[in-house]
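Following: one structure in structure tokens, then a few remarks.
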Amino acid sequence: MICEILSRLLALCAIACVARAGSTLQDARDFEEKVSILLKEESETPKCFAEGRKDFTCFWEEDEERAGSVDQYSFTYTYQNENSSRCPLRAVPTAGGKMLFVCHLNRIPMFVQMDIQVHREGILIHNRSLLIELVFLLDPPANVTVSSTGQQGQLNVTWVPPPLKYMDDSMMYEVFYSLADSHIGKVEVARARSEYILRGLQSSRKYKVQVRVKLDGVSYNGYWSAWSDPVFMETLPAEFDPLIISLTLIISFIFIVLCLAMLLSHHRFLIKKIWPAIPTPDSKFQGLFTIYGGNFQEWLGQTNGSLWLTPAFIYSEECPSPLEVLSELSLCPSMPSPPLPPKASRALSAVRNEGRELRNGLEERALLVRDNLDGKTDGERAAPHHHLLLDRLRALHQHQVPCSQSSLLESQDTYVTLSANNNSDDERVDRNLEEALPLEAPFPSGNTALCESHSDLGSAPQSSGSGCISSQSSFEYPNHAWMAKGPGYTYMAVADSGVSMDYSPMSRVDENGKVPVYTNEYKNAIPAHRKPFLVRQYPVHDDG
Amino acid sequence: MGNRRTYGPNREDPVRGYADAAMEFPRLLALLLLVLDWTQPGLSSPLRPICDLRVLNHFIQEARDAEGAMKSCREGCGLSQSVTVPQTTVDFDVWEKKNALEQAQEVQTGLWLLQQSLNTLQTSVTNTAMHSHIDNTIRNLLSINAVLRSLNIQEFTPPANATDLEGTWRVSLATELLQVHVNFLRGKVHLLLSSAQACKPDVS
């Protein structure tokens with residue numbers, strides 16, 4: 001039993017020793033920390049600080065090599081109007097090869113001047129006068145607590161002030177706060193209170209908070225204490241402010257309404273840009289796709305091709321006449337022709353091209369031919385033939401479709417001349433022809449009645465011995481207007497209706513005087529204003 | 001009843017009765033009391049306690065300014081004679097052992113001594129700049145007395161032989177005098193005001 005008691009006592013002693021050692025160790029650490037602070041802050045020697053109402057410490061530092069033993073030094077202090085006293089010193093070695101000589105006093109009268117003198121072997125080495133209440137170096141505030149205030153971006157920091165009576169109202173604090181992962185922070189000052197609310201913090205972030213204390217310097221003064229141990233705390237997450245949400249919704253709604261209004265006011269423009277309309281030919285061909293289902297021939301027959309064909313250009317099939325197409329005049333400047341079916345367009349283009357090539361040559365020759373014809377007795381002999389032609393033309397002209405109009409003469413129509421050729425006159429005609437032939441030699445001749453009508457000036461397409469009705473007259477005309485030159489010229493306008501005549505010789509003519517007529521109607525569109533084209537006649541073999 | 005007027009039979013002119021004549025004196029008395037109350041000098045109600053120590057801090061700052069000015073003064077800034085000043089030493093253990101009354105008396109005695117010393121300094125100093133500081137310091141001492149009165153601290157007049165009492169020092173330099181003045185304000189006066197019962201919240 002005694003052994004048990006002894007063992008328990010030993011255990012208790014061991015615990016006490018450990019606790020004391022721990023506190024001593026902590027005190028030592030605190031002392032070292034304060035020493036380091038004072039070594040930085042205070043310039044006078046010895047450096048003194050008061051930790052409370054009953055703890056006053058003075059020390060000075062010397063190199064370990066030059067420092068003597070503690071006995072060599074004496075620390076003497078004298079209060080005002082009092083006798084001096086000595087303070088026992090102790091030597092404390094520090095890291096870095098330094099030696100500290102420390103004086104500690106427990107009784108410290110304040111508000112009275114204190115004179116300190118340090119002697120080493122009788123020699124004054126340090127001297128200082130101070131007021132103890134002006135050199136306070138307190139411990140950092142204890143129990144620093146950081147909590148949430150319940151509001152966004154705020155933290156409440158509370159601490160326990162140093163336990164110094166009569167000095168609570170004279171203390172000032174600094175609160176340092178920063179993000180947990182940052183070293184840059186802000187410092188806030190609080191006077192004579194033990195809590196502070198941090199504002200303007202970021203939401204859902206971890207913050208580090210530290211506090212230190214110092215006396216305000218009016219009645220008491222001192223140095224800033226060390227920073228307290230950091231305390232970490234996370235702020236509240238961001239909340240949706242109903243006011244901000246409602247304002248955001250209202251503004252977005254107004255924006256959407258404005259966009260819709262703008263779109264609706266410019267919808268036509270936008271549709272045209274985004275979804276342009278593909279042009280269709282419906283507007284040009286009324287009823288073609290709706291009634292006739294795209295059958296152009298039917299539509300053309302029903303509507304008479306009203307858009308493309310003018311009555312003036314249509315000659316009925318019942319107007320046959322012995323015609324020889326000599327040339328084509330292009331009185332009007334070339335006009336854009338509407339689209340034609342492929343065959344007709346190709347034919348017209350071919351004729352057009354050939355006509356242009358031969359135009360220039362024909363002009364000069366036509367003039368010569370005319371002059372030749374006019375100035376010759378043969379021409380005089382040919383005059384009665386001309387009169388006969390005129391009569392026939394007049395007679396035929398009366399049977400013409402009334403649709404022929406004078407305006408035809410201004411268009412690019414085919415102009416033909418009629419010449420009466422009797423068999424008896426053939427030789428004369430031939431002679432005339434031969435006289436004029438050299439000028440017209442370039443023109444093809446042959447058995448085949450391949451008569452080509454050329455544009456512009458008409459020259460006589462010849463074919464020796466063939467059945468082309470030669471024209472004994474040629475003509476010239478100005479570029480723009482075609483005017484009758486007189487009785488010497490016989491003109492007749494023929495619509496470009498695609499009529500192809502059988503230009504066989506007169507022997508081909510029936511006894512009745514009828515000339516077989518072959519017609520080829522172009523059912524496709526025929527341009528109202530056509531360019532000169534070369535109508536290629538079908539070869540007709542004349543066995544007559 | 002006393003105010004009822006008695007009308008005559010003709011109801012033409014009111015007839016003053018006996019009751020009306022009897023009310024004349026109380027009315028005059030009431031009127032006189034009212035007038036006297038307005039014209040009465042002095043405070044009719046107790047002072048509000050001045051518990052804000054910033055007032056004392058202001059006085060301490062001005063005392064420091066005076067001390068600094070005196071340290072830089074070269075001529076005409078000396079005491080003609082040594083004066084008695086209160087001791088400024090504060091031993092917290094000793095201070096706490098004293099009761100409130102003793103503390104108050106000690107403070108008031110010290111203030112009285114300082115006032116006497118500053119008056120002597122004022123007559124000794126010839127520097128005009130220091131005169132303003134000393135005058136300001138004397139006024140501040142009177143204001144501190146007023147603050148003590150506001151805290152319901154019983155006014156104490158030291159005896160004539162206060163200069164011989166314990167707890168006093170003799171100083172002969174003007175700088176020492178002003179230094180003592182500053183230390184006294186920062187020490188004992190500050191302790192007294194900070195622990196004044198009138199400023200403590202009521203403990204129920």
Side-chain angles (χ1 to χ4, degrees), chain A residues 48-57 77-85 87 105-116 128-136 138 161-173 189-194 214-222, chain B residues 51-65 67 71 82 84-98 103 106-107 110 114 166-173 175-196 199-200:
Chain A
C48 300
F49 62 93
E51 293 176 85
R53 286 163 49 180
K54 295 180 180 180
D55 293 309
F56 179 73
T57 304
Y77 62 94
T78 309
Y79 292 113
Q80 189 173 6
N81 296 340
E82 286 189 14
N83 297 329
S84 61
S85 304
C87 173
L105 296 175
N106 289 327
R107 175 184 168 270
I108 44 170
M110 295 189 184
F111 304 102
V112 65
Q113 187 167 326
M114 179 184 186
D115 297 324
I116 297 170
R128 187 182 175 186
S129 291
L130 58 89
L131 289 156
I132 296 174
E133 74 278 1
L134 300 180
V135 290
F136 272 101
L138 304 174
L164 287 176
K165 204 173 176 183
Y166 310 116
M167 300 179 195
D168 295 343
D169 297 335
S170 301
M171 291 188 184
M172 59 188 286
Y173 304 91
V189 177
R191 287 179 181 269
R193 51 181 173 158
S194 59
K214 176 182 172 292
L215 289 164
D216 63 359
V218 180
S219 290
Y220 305 93
N221 204 351
Chain B
C51 296
D52 193 353
L53 288 176
R54 287 179 291 182
V55 175
L56 181 61
N57 291 342
H58 176 70
F59 298 149
I60 292 170
Q61 294 284 0
E62 289 189 340
R64 275 200 184 131
D65 296 341
E67 182 190 0
K71 280 180 181 175
S82 61
T84 305
V85 292
Q87 290 185 4
T88 59
T89 307
V90 173
D91 193 337
F92 284 102
D93 295 334
V94 174
W95 178 263
E96 287 175 351
K97 286 178 184 171
K98 296 178 184 177
Q103 294 174 355
E106 185 173 344
V107 169
L114 284 171
E166 294 182 1
T168 60
W169 292 332
R170 297 285 295 180
V171 294
S172 58
L173 295 176
T175 54
E176 278 186 81
L177 172 59
L178 291 178
Q179 187 186 19
V180 165
H181 171 245
V182 169
N183 293 337
F184 188 76
L185 292 180
R186 290 194 299 114
K188 290 182 180 177
V189 177
H190 188 273
L191 283 170
L192 185 66
L193 294 179
S194 63
S195 62
C199 296
K200 289 182 180 176

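Chain A is the first sequence line, chain B the second, and so forth, proteins listed ahead of strands; every chain is numbered from 1. None of the values given here were measured: they were computed from a predicted structure.
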Could you list the residues that satisfy salt bridge (charged side-chain N to carboxylate O under 4.0 Å, His left out) with B:Lys188, not counting sequence neighbours?
B:Glu106

Can you tell me how far [atom2] of [Y] sits from [atom1] of [X], rounded to the nearest 0.5 angstrom?
X        : Y        : atom1 : atom2 : answer
B:Phe92  : A:Tyr166 : CZ    : OH    : 7.5 Å
B:Leu191 : A:Lys165 : CG    : NZ    : 10.0 Å
A:Met110 : B:Thr89  : CE    : OG1   : 12.0 Å
B:Asn57  : A:Asp169 : CG    : CG    : 9.5 Å
B:Glu176 : A:Asn81  : CD    : CG    : 7.5 Å
A:Asp216 : B:Leu53  : CG    : CG    : 10.0 Å

Is the closest side-chain heavy-atom distance between [X] and [Y] below 4.5 Å?
X        : Y        : answer
A:Gln80  : B:Val180 : yes
B:Asp93  : A:Lys54  : yes
A:Phe111 : B:His190 : no

Where does A:Leu134 contact chain B at under 4.5 Å (heavy atoms): side chain, backbone, both or neither?
side chain

Closest approach of B:Gln61 and A:Val218, non-hydrogen atoms and distance?
NE2-CG2, 4.2 Å

Part of B:Gln87 lying under 4.5 Å from any heavy atom of chain A:
neither

Under 4.5 Å from any heavy atom of chain A - which part of B:Thr88
both

